[in-house]
Structures are given as C-alpha cells and as structure tokens.
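Values reported hereafter were calculated over all heavy atoms of this structure, with side chains retained and with hydrogens, waters and symmetry mates removed. The structure displayed is predicted, hence computed values, not measured ones. Each chain gets a letter, A, B and so on, in the order its sequence line appears, and its residues count up from 1.
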Amino acid sequence: SQQGEEDPQALSIQEGENATMNCSYKTSINNLQWYRQNSGRGLVHLILIRSNEREKHSGRLRVTLDTSKKSSSLLITASRAADTASYFCLTGSARQLTFGSGTQLTVLP
Amino acid sequence: NAGVTQTPKFQVLKTGQSMTLQCAQDMNHEYMSWYRQDPGMGLRLIHYSVGAGITDQGEVPNGYNVSRSTTEDFPLRLLSAAPSQTSVYFCASSPSTGLTQETQYFGPGTRLLVL
C-alpha cells in the first residue's frame, strides 16, 4: 500500500505562476521528503522536512508539514519551463520507504 | 564521486530468462534499495539492505532476489523473467542508519522489457 498520496495527479500552469502540490500520508513519520523526476530520468532530492518542523524553504521551494493532518504541501514559486517534471513525496519507516504516485507538473512557456 | 551507477541502461529479455541488474555506489552508504516504476506510477520498493550481509523484502519482492556482499554493490536478480516485470528499475542509496531515513540518492535507472 502507498503511504504517501499526492494531489493533484496533474497540474498545468503558465510560466511565472506558482504551483502547489499536496501529499497526504497515513502513519507517523520522522521526516517527509520531496523528489523531482524529469521524464525518463532518475529521481532528484529536493527537500527534506522533519516531523518537528512546520515549514522549510530552499530557493523557490517552500514545503509545509502538518503532522496533525498528516499532510504536506510543496510550493514552487515563479515557475519555469524547466520545472516541468513529476514530483513525488516520500514517507515511511526507516527501512521501508514509500513513494506516492506523484503529481505531473507542466509549465507552459 | 560517481554516485549511484546502474548497468545495463536497457535490456530486452525473453520470458523465462534470468539476468542480474547491477547497482554500485561509492559514497559508503549503508542503506541501499531497489524500486520498480511502472508507467504513470510511483516507485514501489522491491528489496532493501541496511548493510553488508543484511537484506530484506519490500512491497513487491516476488520474482526477485538480492544479495549484499559488500557495502558498494547491491545486485538485483530476476530468476525467471515474466512480462509483468517489464518496468524501469531504480537503485538508491542513503547514509541512513538507525530509525530515521535521510536523503535517497538514485541511479539513472534500467529499462527492462520482457517479451
């Protein structure tokens, strides 16, 4: 079973707009991670937020974590065409990690 | 550092054939894992290892074997390939030990087609 589930499944925006995607999970976590996957490529780590953190920033990325709702959101500000990719959240235990099915983001020029 | 490397990049097999997907990392990471990704889906954990000599099953282990004789290498063996194993396979490593997982470093993937 999948621990993390992202929504929306697909998102299409214009360049310069902000993109928000969400992840919900089922059990308690130590941390939650977000990854990007460009078409046909491996996954690249974007950001990790720990269970005692509520918000974290990295460049144009902003991640929030609400452990009471078991949810996280990833905000990409001022999107670029190069941000077009699939985005996945990663949760789970120390030994068995689980990816969600991902959000496919398309940024139109 | 080369990071996580996988070979081959692409492989075609006939049903019933066996093969080994290679994965190596040069970051001295204890934790290594194998995932498969089917079209339009996330990654599903096949097997993982928390150190040399220690392996365990993930979510979808049937039809696959692994071993971990060294810290660097974590090969994945398909015993008797089936069309349902057509997928993209990713290997990952992480410096994680203990109870908390940290950043996963992924290889470029192996595309496997089973006819």
(message) Can you confirm whether the side chains of A:Gln33 and B:Glu102 place a donor and an acceptor under 3.5 Å from each other?
(response) no
(request) Indicate if A:Leu105 and A:Ile47 have the same hydrophobic cluster label, given that clusters are the connected sets of ILVMFWY residues with side-chain heavy-atom separations under 4.5 angstrom. (result) yes
(message) Using a 6.0 Å cut-off, check whether atom CZ of A:Arg60 has over 12 heavy atoms from anything other than its own residue.
(response) yes
(message) As an exercise, state the distance from CZ of B:Arg44 to OG of A:Ser101, rounded to the nearest 0.5 Å.
(response) 12.0 Å
(message) Could you check whether any side-chain heavy atom of B:Tyr35 comes within less than 4.5 Å of a side-chain heavy atom of A:Leu97, counting everything from C-beta outward?
(response) yes
(message) Just verifying a value: how many Å separate A:Arg41 CZ and B:Phe90 CZ, rounded to the nearest 0.5 Å?
(response) 10.0 Å
(request) Treating Ile, Leu, Val, Met, Phe, Trp and Tyr as nodes and any side-chain heavy-atom pair under 4.5 angstrom as an edge, say whether B:Leu76 and B:Leu45 lie in one connected cluster. (result) no
(request) Any pair with a residue in residues 48-85 of chain B that passes disulfide (SG to SG under 2.5 Å), sequence neighbours left out, goes on the list, sorted by first then second residue, please. (result) none
(message) Hydrophobic clusters here meaning ILVMFWY residues chained together by side-chain heavy-atom distances under 4.5 Å, can you tell me if A:Leu75 and A:Met21 are in one?
(response) no
(message) Sort by residue number and list every residue of residues 107-115 of chain B having at least one heavy atom under 4.5 Å from chain A.
(response) B:Gly107, B:Pro108, B:Arg111
(request) Check each atom of A:Leu90 against the heavy atoms of chain B and say whether the ones under 4.5 Å are side chain, backbone, both or neither. (result) side chain
(message) Quick check on A:Gln9 against chain B: is it the side chain, the backbone, both or neither that has a heavy atom closer than 4.5 Å?
(response) neither
(message) Looking at every heavy atom in both B:Leu43 and A:Leu43, which two are closest together, and how far apart are they?
(response) CD1-CD1, 3.7 Å
(request) Check B:Gln104 against A:Tyr35 and note the closest heavy-atom contact, atom names and distance. (result) N-OH, 2.8 Å
(request) Give the other cluster members for B:Val4, using side-chain heavy-atom distances under 4.5 Å between Ile, Leu, Val, Met, Phe, Trp and Tyr residues; answer none if it is isolated. (result) B:Met27, B:Tyr105
(request) Give, as side chain, backbone, both or neither, the part of B:Gln6 having an atom under 4.5 angstrom from any heavy atom of chain A. (result) neither
(message) With clusters defined by side-chain heavy atoms of hydrophobic residues (ILVMFWY) lying less than 4.5 Å apart, directly or transitively, does B:Trp34 cluster with B:Met19?
(response) yes
(message) Hydrophobic cluster membership, with links at side-chain heavy-atom distances under 4.5 Å among I/L/V/M/F/W/Y: are A:Phe88 and B:Val88 in one?
(response) yes
(message) Taking disulfide (SG to SG under 2.5 Å) as the cut-off, I'd like each qualifying pair that reaches into residues 22-86 of chain B, sequence neighbours left out, listed once.
(response) B:Cys23-B:Cys91
